[in-house]
4 protein chains.
Amino acid sequence: MEKQTNRSPGRPPHYKDKQPTDELILFNASQLFLENSYQDVSMDDVAKACNVTKASVYYYYKTKSELYTETMIRLMYRIQNMTLQLLNEDKPFRTRLLNVAEAYLKVSVDLDTERFIHNAKNMLSKEQLTAIQKAEEAMYTSMEEFFQEATDQGIISPINPAFAVHGYISLLNTGNYKNADKQTIFSSPQEAAKQIVDFFWKGLTKDIQDPQN
Amino acid sequence: MEKQTNRSPGRPPHYKDKQPTDELILFNASQLFLENSYQDVSMDDVAKACNVTKASVYYYYKTKSELYTETMIRLMYRIQNMTLQLLNEDKPFRTRLLNVAEAYLKVSVDLDTERFIHNAKNMLSKEQLTAIQKAEEAMYTSMEEFFQEATDQGIISPINPAFAVHGYISLLNTGNYKNADKQTIFSSPQEAAKQIVDFFWKGLTKDIQDPQN
Amino acid sequence: MEKQTNRSPGRPPHYKDKQPTDELILFNASQLFLENSYQDVSMDDVAKACNVTKASVYYYYKTKSELYTETMIRLMYRIQNMTLQLLNEDKPFRTRLLNVAEAYLKVSVDLDTERFIHNAKNMLSKEQLTAIQKAEEAMYTSMEEFFQEATDQGIISPINPAFAVHGYISLLNTGNYKNADKQTIFSSPQEAAKQIVDFFWKGLTKDIQDPQN
Amino acid sequence: MEKQTNRSPGRPPHYKDKQPTDELILFNASQLFLENSYQDVSMDDVAKACNVTKASVYYYYKTKSELYTETMIRLMYRIQNMTLQLLNEDKPFRTRLLNVAEAYLKVSVDLDTERFIHNAKNMLSKEQLTAIQKAEEAMYTSMEEFFQEATDQGIISPINPAFAVHGYISLLNTGNYKNADKQTIFSSPQEAAKQIVDFFWKGLTKDIQDPQN
DNA sequence: TATGAATGAGGGTTCATTCAT
DNA sequence: TATGAATGAACCCTCATTCAT
């Protein structure tokens, strides 16, 4: 992967994958923080993953907690974007929920945003903590309107939209559970998504006569 | 946070009613580990919380990870016992679920067992990790039979019992969510319990004609 | 091994191997200190080897350095006794040297008294250090007279007796050398003893016409 | 022994003639390990001797045992070089042996390589132990050929060269012996060298008619 | 005589962070 | 922009030693 041969002369094209260093760092930090706790990831780990030195990481991010904060906010936005995109499609609400569920479960990392916050809370400044929480909140809030809309349209029963969203996400996390033998509850992410949304939908619609759903 | 520990070495005089030190340590460690991540709690913190020296903690627990393991296993058992006790009462299933929910939410600490495991996984030996996971699993499994029973009695629709339990618990955790302004979704633990079980119950019984519920 | 059956009535015979605890400790400490450095042997190690508690060890020996000192002095005496006994036999001097060499090499632990001292010197009080050194010195000195006697009898050339003894012992230690592959210089302790004494004897007698040796 | 180390962090200004830090550490560690046992030298001691912080020592040497290993290997090489240089001079073999002896004894620290190994053996990894032993072995082996050569030339009697070398070195160590009153066997290093080589030579040549030696 | 429980001091190691270049 | 070299603070853990029983 290191040697490119047969390069034609002239200015090399601008390689898309040659990310600016700060993005590179953010990307690798993401990976690491997703899989390990705040404390388990050292700045050296990040640097090594990026093939740069620790000092370089510090050149772009003043402190570890700042790097973490940025990483987390980005993560929240990414989840939010991915989710909103699917929720904005022109399909029945239930189908859209299923699509989100599948996307969410196929990532296969635990997107437990609460854990990300709880983990690091002692190391973050008040501002940093708040910044992450706001991003998380925005993510949740942005999803609420879809439930509100569905309620308004009589598709689902009236429900506290915040609860709907949080309940939805937390139910999704059961799809990632692994027991001591690394076995999951469901046979596949798709199956998990299906069953979870099935169940969730029942809760949403129990009091509704829904001949079409 | 600096406690003066000018006790001289050697066996302390025996006070009748004093809690045995190992239990004292376990108790305080519990508190600390519940509120902070594995890495954020130092053995010194534990020692100080107990008013003993670090060396004393090590007298009873060979390593930090061993202390953590014991703490977690105990925690799982406590949750399990509390839950089973409530689930074994002679009341309608739904009422029992509500009681568990209320008990669970009144503790007000996040009993997110997955987090406890994920957090420390890099610091635990394979055996320790498994031991904790087994305890967690036992906790979940012991609850499954109640859902099975309810299904058999036609009280709830057929459902994967493992999913039922995990979904139940994860829904409960939404009751502890606090946003950046420290506001919860529900106005009180009781209200949270009520709403959550309400919703959960709908999911369980959507396909049932239940004139009495 | 714990249950003795069929014991005949009456006072049990005084088991020879039921050593008084202090001797038991000394014995086990000996073993440990012979094979490991002062620092590598903890008081707990000693206690465990004796099947008693650390506190019991302290009951008999005020400090670790005191235990070490006693152990070392005993060791020096044991070597001295063993050696003197063999040197006092009614055999040709060279034979007696050979016997000592064989005895010495068959123990197979490195009896490097200098190492024992050097190792622990920072942990011993001046008195303790001196005590051990005196015992070592006595051991060496007691052997010197035999070389003196041999010189007087014209069996060996005149030689500084202290040098003779130290040279003898240090040559013996080459018999215990093991390289990285755990191979020794000689094929067996006996062979080692033979070769070493052979060589040593040449040095002692080069200037002597010795028809009989 | 408390040195004020109020240097601020970060890269220090570059002084031209300054010894590189890693060499500085190795040098000081050498001194310390030569005079004290592995366990008696703490990483802090090394750091203080170098006027740097412990963390700096760890910047260059990952563990204490690694530092020790490097130190020892270097030491073996230094001894080997010094020795080989003297043994390669164009002088009678006996003279060369004498020169080595004098050099060896003038250092006045006990170059007891076996002790260095025995001392630390419990703290070293298998690889580290072997590495040191290999260096020691190389040192010994490199000297053997000189004895072989002398044998081939009929200057000394046939002898196991490994034994010759080890015997030679171990005899030299008697020159460093100090009794409880810090008295040596010989009046000076030169005298020691002379007497020891004298004796050693007799052993080597007993069976040789050597009118010129 | 023997022990369980406790301490204090220190040692090895890691890590976020800094600064001259 | 990027880095090599350094620090200070903390952390886990061990161990000789002590004392009430």
Side-chain angles (χ1 to χ4, degrees), chain A residues 20-22 39-47 52-67 123, chain B residues 5-14 20-22 39-47 50-67 123, chain C residues 20-22 39-47 52-67 123, chain D residues 5-14 20-22 39-47 50-67 123:
Chain A
T21 306
D22 54 346
Q39 312 262 16
D40 277 354
V41 177
S42 74
M43 289 301 259
D44 233 15
D45 290 338
V46 175
V52 299
T53 61
K54 224 187 334 185
S56 291
V57 179
Y58 274 95
Y59 182 78
Y60 290 101
Y61 302 93
K62 254 200 307 295
T63 62
K64 183 183 177 184
S65 59
E66 185 181 310
L67 172 59
M123 316 309 286
Chain B
T5 315
N6 280 31
R7 183 137 38 102
S8 54
R11 181 177 214 162
H14 185 64
T21 304
D22 53 346
Q39 311 259 20
D40 276 354
V41 177
S42 77
M43 288 301 257
D44 225 23
D45 290 340
V46 175
C50 301
N51 234 329
V52 299
T53 60
K54 226 190 325 186
S56 289
V57 178
Y58 276 97
Y59 181 75
Y60 291 101
Y61 302 93
K62 262 198 297 293
T63 61
K64 184 183 176 185
S65 60
E66 185 179 311
L67 173 59
M123 316 309 286
Chain C
T21 305
D22 55 345
Q39 311 262 20
D40 278 354
V41 177
S42 74
M43 288 301 257
D44 233 17
D45 291 338
V46 175
V52 298
T53 61
K54 223 186 337 185
S56 291
V57 178
Y58 274 95
Y59 182 79
Y60 290 102
Y61 302 93
K62 255 197 306 293
T63 63
K64 183 183 177 185
S65 59
E66 184 180 311
L67 173 59
M123 318 307 288
Chain D
T5 315
N6 281 31
R7 184 139 35 107
S8 55
R11 182 177 214 163
H14 185 64
T21 305
D22 55 345
Q39 312 259 21
D40 276 353
V41 178
S42 76
M43 288 301 258
D44 225 24
D45 290 340
V46 174
C50 302
N51 234 327
V52 298
T53 60
K54 230 192 319 185
S56 290
V57 179
Y58 275 95
Y59 181 76
Y60 291 101
Y61 301 94
K62 259 197 301 292
T63 62
K64 184 182 177 186
S65 61
E66 185 180 310
L67 173 59
M123 316 309 288

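Residue numbers start from 1 in every chain, and the chains themselves are labelled A, B, ... in the order their sequence lines are given, proteins ahead of strands.
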Take the protein atom [atom1] of [X] and the nucleotide atom [atom2] of [N], then report the distance between them rounded to whole Å.
| X | N | atom1 | atom2 | result |
| --- | --- | --- | --- | --- |
| M123(B) | dT13(E) | CE | P | 15 Å |
| M43(B) | dT13(E) | CE | P | 19 Å |
| Y60(B) | dG4(E) | OH | C1' | 8 Å |
| D40(C) | dT14(F) | CG | P | 14 Å |

| query | If you take atom types as modelled and just measure distance, does the side chain of K54(C) reach the base of dT3(E) with a donor-acceptor pair under 3.5 Å? | reply | no
Any idea which heavy atoms bring [X] and [Y] closest together, and the distance?
| X | Y | answer |
| --- | --- | --- |
| K64(B) | Q39(B) | NZ-CA, 4.0 Å |
| M123(B) | D40(A) | SD-OD1, 3.9 Å |
| Y61(D) | E66(D) | CA-OE2, 4.1 Å |

| task | Any strand is fair game: report the nucleotide pairing with dA9(E) by Watson-Crick or G-U wobble, both distances under 3.5 Å, or none. | result | dT14(F)
| query | Is dT17(E) paired to anything, Watson-Crick or G-U wobble with both distances less than 3.5 Å, and if yes, which nucleotide? | reply | dA6(F)
| query | If you pin K62(C) and S56(D) to their nearest nucleotides in DNA chain F, which one's is more 5'? | reply | S56(D)
Side chain of [X], heavy atoms from C-beta onward: which of [options] has the nearest atom to it?
| X | options | answer |
| --- | --- | --- |
| T53(B) | dT7(E), dT3(F), dA6(F) | dT7(E) |
| Y59(D) | dT18(E), dA5(F), dA16(F) | dA5(F) |
| K64(C) | dC19(F), dT17(F), dG11(E) | dT17(F) |
| Y58(B) | dC12(F), dC15(F), dC19(E) | dC12(F) |
| A55(D) | dA6(F), dT7(F), dT18(F) | dT7(F) |

Any base atoms under 4.0 Å from [X], or only sugar-phosphate, or nothing? Heavy atoms, all strands.
| X | result |
| --- | --- |
| V57(B) | nothing |
| V46(C) | nothing |
| Y61(A) | nothing |

| message | Both D22(B) and D44(D) contact DNA chain E. Which one's nearest nucleotide lies toward the 5' end? | response |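 So the residue in question is D22(B).
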| When the nearest nucleotide of DNA chain E is assigned to Q39(A) and to S42(D) on a heavy-atom basis, which residue is associated with the more 5' position? |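 Final value for this comparison: S42(D).
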| request: Could you tell me whether the side chain of K54(D) and the main chain of S42(D) form a donor-acceptor pair under 3.5 Å? | output: no
| query | D22(D) versus Y59(D): any side-chain heavy-atom pair under 4.5 Å? | reply |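 Sidechains of Y59(D) and D22(D): no contact.
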| said: Below the 4.0 Å mark, does dA2(E) have OP1 or OP2 next to a side-chain nitrogen or oxygen of T21(C)? | reply: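 For dA2(E), OP1 or OP2 has a side-chain N or O of T21(C) closer than 4.0 Å.
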